[in-house]
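Worksheet: one structure, shown below.
So you know, we letter chains A, B, ... as the sequences are listed, proteins then strands, and number each from 1.
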Number of protein chains: 2
Amino acid sequence: MELYHLKTFVTVAEEGHLTRAAERLFTSQPAISAHIKALEEELGVTLFERTPKGMQLSPAGAQLLAQAQRTLAAAGDFKLAARAMQDELMGSVRIGLNTDARFLRLVELQALLGARYPRLEVAFLGGSTGVNVPNLRVGKLDAAFISGEGDDPLLSSQVLCEEELVIAAPAGLRDQLTACDVPALAALPWVYTSPDCAHYGVMRTVFEAHCCAPEKVVLANQEDALRGMVEAGVGLGIVRRDDMREAVAAGRVFIVPRQLPTVSLRFAWLTKRANDPVLRAVIEAVSTVWQLAPEAAREAG
Amino acid sequence: MELYHLKTFVTVAEEGHLTRAAERLFTSQPAISAHIKALEEELGVTLFERTPKGMQLSPAGAQLLAQAQRTLAAAGDFKLAARAMQDELMGSVRIGLNTDARFLRLVELQALLGARYPRLEVAFLGGSTGVNVPNLRVGKLDAAFISGEGDDPLLSSQVLCEEELVIAAPAGLRDQLTACDVPALAALPWVYTSPDCAHYGVMRTVFEAHCCAPEKVVLANQEDALRGMVEAGVGLGIVRRDDMREAVAAGRVFIVPRQLPTVSLRFAWLTKRANDPVLRAVIEAVSTVWQLAPEAAREAG
DNA sequence: GCATGGCATCGGAAATCGTGATGGCGCCGA
DNA sequence: TCGGCGCCATCACGATTTCCGATGCCATGC
């Protein structure tokens, strides 16, 4: 028993004639005659009384008609639902964060994704560059914001902006900071990040160029934790300039006048998953939010 | 899109492998691969993600799975319902009556039909032999009780019993009925029936044999009406003997001691509909109630 | 009595479906 | 690192099903 049997059954019941039903179904009368016959034989029930005027539903056929229509309706719903979602992007995407939401423009990204793809489930998972990269590799994340060069061979990424880094110092240390040369800075207490963070690389670069190492006091893996400690007077730290504006204006912190190399904020994903339409949509949305041309996406070095 | 596509879809979703699904469906792996492919192409939706471990439902496929199962369930219900009623007698039958229910053993007949065929709708429609026969011919009745010879060429019938008829007279006429010869009877007032009633034929036969005609007073088409009029003293009438026992015992009526020919009570139907299973079942039930051998059914003369 | 309209049946053509073999692709263990 | 393995996609061919046109039968209506 197949759907076309049921379709024929219902049509014949509605039309009352094999001939008319055949016209409505764009086929021949013998064909639907065979459909009805096959259905009746399979079910062991005579569905119609054959009269000289046409096909009249038997009592059993009348009872079964409703269920046949229900079945066809269910099939129609199925098809309709499928058609409705044929172009719609579905699924879920897990995006790793490496810094605060405002800087990453998450609200705008979420708004854009929500408007374009209402059935897409987006999860923003807090973290850091250091944890995001391995999570990408093992599939715990689908995409992530990272800072640095993006030189992982398995990852692709696009640059969103250059982060301007500065050395921030607590106001309480201003007296000890008469000279701003590197060795003097190294002698002061530092709040440092984990080695897998791009800021750590910047710090290391600066000090290694002068063959000295900073005085490490405490490790803060999370950016806001590091910033809080700097503001609280624990020590110096490397932060994004715009992240410190408020504290600088309030006088709790000052910026050491020394130029640092910038690091790239990137949006990264597993190269081999680049063809996933969900991923492509997210990348496209990120590009839009950061006002990049779509071709700005580039393979990782 | 056919049911087997949906069946394959659901099975693959449940098994997670084309190969296993193929085993469960007793077919080959390329076959169901083609099913899935055809379904996906028709719907424009990828239902599965192909992984090295097998087939994993895509988000769209997961959403559609439930509706596919609903459709299959509806189809299964349809089949089940059909199978359940494949041997069960259904439909409706209209049976014409020509006399009182007790004499026709309607309670027993109804009980038997109800027990054997719970889905059969039975309608007993009051009437008389005279109206039942044309109603049978035009299809207003499916079967009927009639009295007489059943010589209609379109009808078949079986004899249920012989009705013993008597001439009943009101007690008030006893004085005038000293002689019981036919001419004397003809001179008395008669309650007569319509010409299409078998009793009328009996009356006519009796009087025509003696070349005289009864004094007609009033026509009573319905048996109980005739009986009531006889009891009320309106005139003589021809009735079934056992129908008058009560009135005779009560002294309201007496029986004229004259032998009358009997008429046959028959159960009749349209010959060309004799193969209708519903009709056959009803005929069989009537035979049972009247304790006839099934082969007692005979063609009309 | 003939024309009409309805369904059932039949034989051949056409499309469909199923099968077995084959190939590509990841994964895993040696 | 390299076969072996499991899995799915594809192909060509054979078998089955399906469809069509023609025909026949039957009941009805004019």
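Contact between the side-chain N/O atoms of T51(B) and the OP1/OP2 oxygens of dG26(C) is not found at any separation under 4.0 Å. Taking only side-chain nitrogens and oxygens, K37(B) never comes nearer than 4.0 Å to OP1 or OP2 of dC8(D). Listed pair T27(B) / dG18(C) fails the phosphate criterion, with no side-chain N or O lying under 4.0 Å from OP1 or OP2. In this model, the phosphate group of dC7(D) is not approached by any side-chain N or O of R50(B) to a distance below 4.0 Å at OP1 or OP2. H35(A) has no side-chain polar atom (N or O) that falls below the 4.0 Å cut-off from OP1 or OP2 of dT18(D).
For R50(B) and Q56(B), the side-chain atoms include no donor-acceptor pair closer than 3.5 Å.
To the nearest angstrom, C1' of dC25(C) lies 13 Å from NZ of K53(B). Between the CD1 atom of I36(B) and the P atom of dG18(C) there is a distance of 12 Å, rounded to whole Å. In this structure, E40(A) atom CD and dA8(C) atom C1' are separated by 12 Å, rounded to whole Å. Distance E49(B) CD to dA9(D) P: 12 Å, rounded to the nearest Å. In this structure, Q56(B) atom CD and dG6(D) atom C1' are separated by 17 Å, rounded to whole Å. As a whole-Å value, the separation of H17(A) NE2 from dA8(C) P is 13 Å. Taking atom CZ on F26(A) and atom P on dC19(D), their separation rounds to 15 Å, with Å as the unit. One interatomic measurement links the two molecules: CG of L25(A) to C1' of dC19(D), which rounds to 14 Å at whole-angstrom precision.
Using a 4.0 Å heavy-atom criterion, one finds that T19(A) contacts the sugar-phosphate atoms exclusively. Using a 4.0 Å heavy-atom cutoff across all strands shown, F48(A) reaches no nucleic acid atom at all.
When side chains are defined from C-beta on, R266(A) counts as touching E149(A), because their heavy atoms get closer than 4.5 Å.
No option in L97(B), V133(B), L265(B), T99(B) other than V133(B) meets the side chain to side chain contact (heavy atoms under 4.5 Å, CB included) test with I146(B). Residue L104(A) forms a side chain to side chain contact (heavy atoms under 4.5 Å, CB included) with just one option from N98(A), V286(A), L109(A), and that option is N98(A).
In the set dT18(D), dA8(C), dC20(D), dT18(D) carries the atom at the smallest distance from any side-chain atom of Y4(A). Checked against dG26(C), dC8(D), dC20(D), the side chain of L18(B) finds its nearest nucleotide in dC8(D).
Comparing R20(B) and P30(B) along DNA chain D, the residue whose closest nucleotide (by nearest heavy atom) sits nearer the 5' end is R20(B). Projected onto DNA chain C by closest heavy-atom contact, E2(B) and M55(A) fall at different nucleotides, the more 5' of which corresponds to M55(A).
Side-chain atoms of T11(B) do not come within 3.5 Å of backbone N or O of A21(B) as any donor-acceptor pair.
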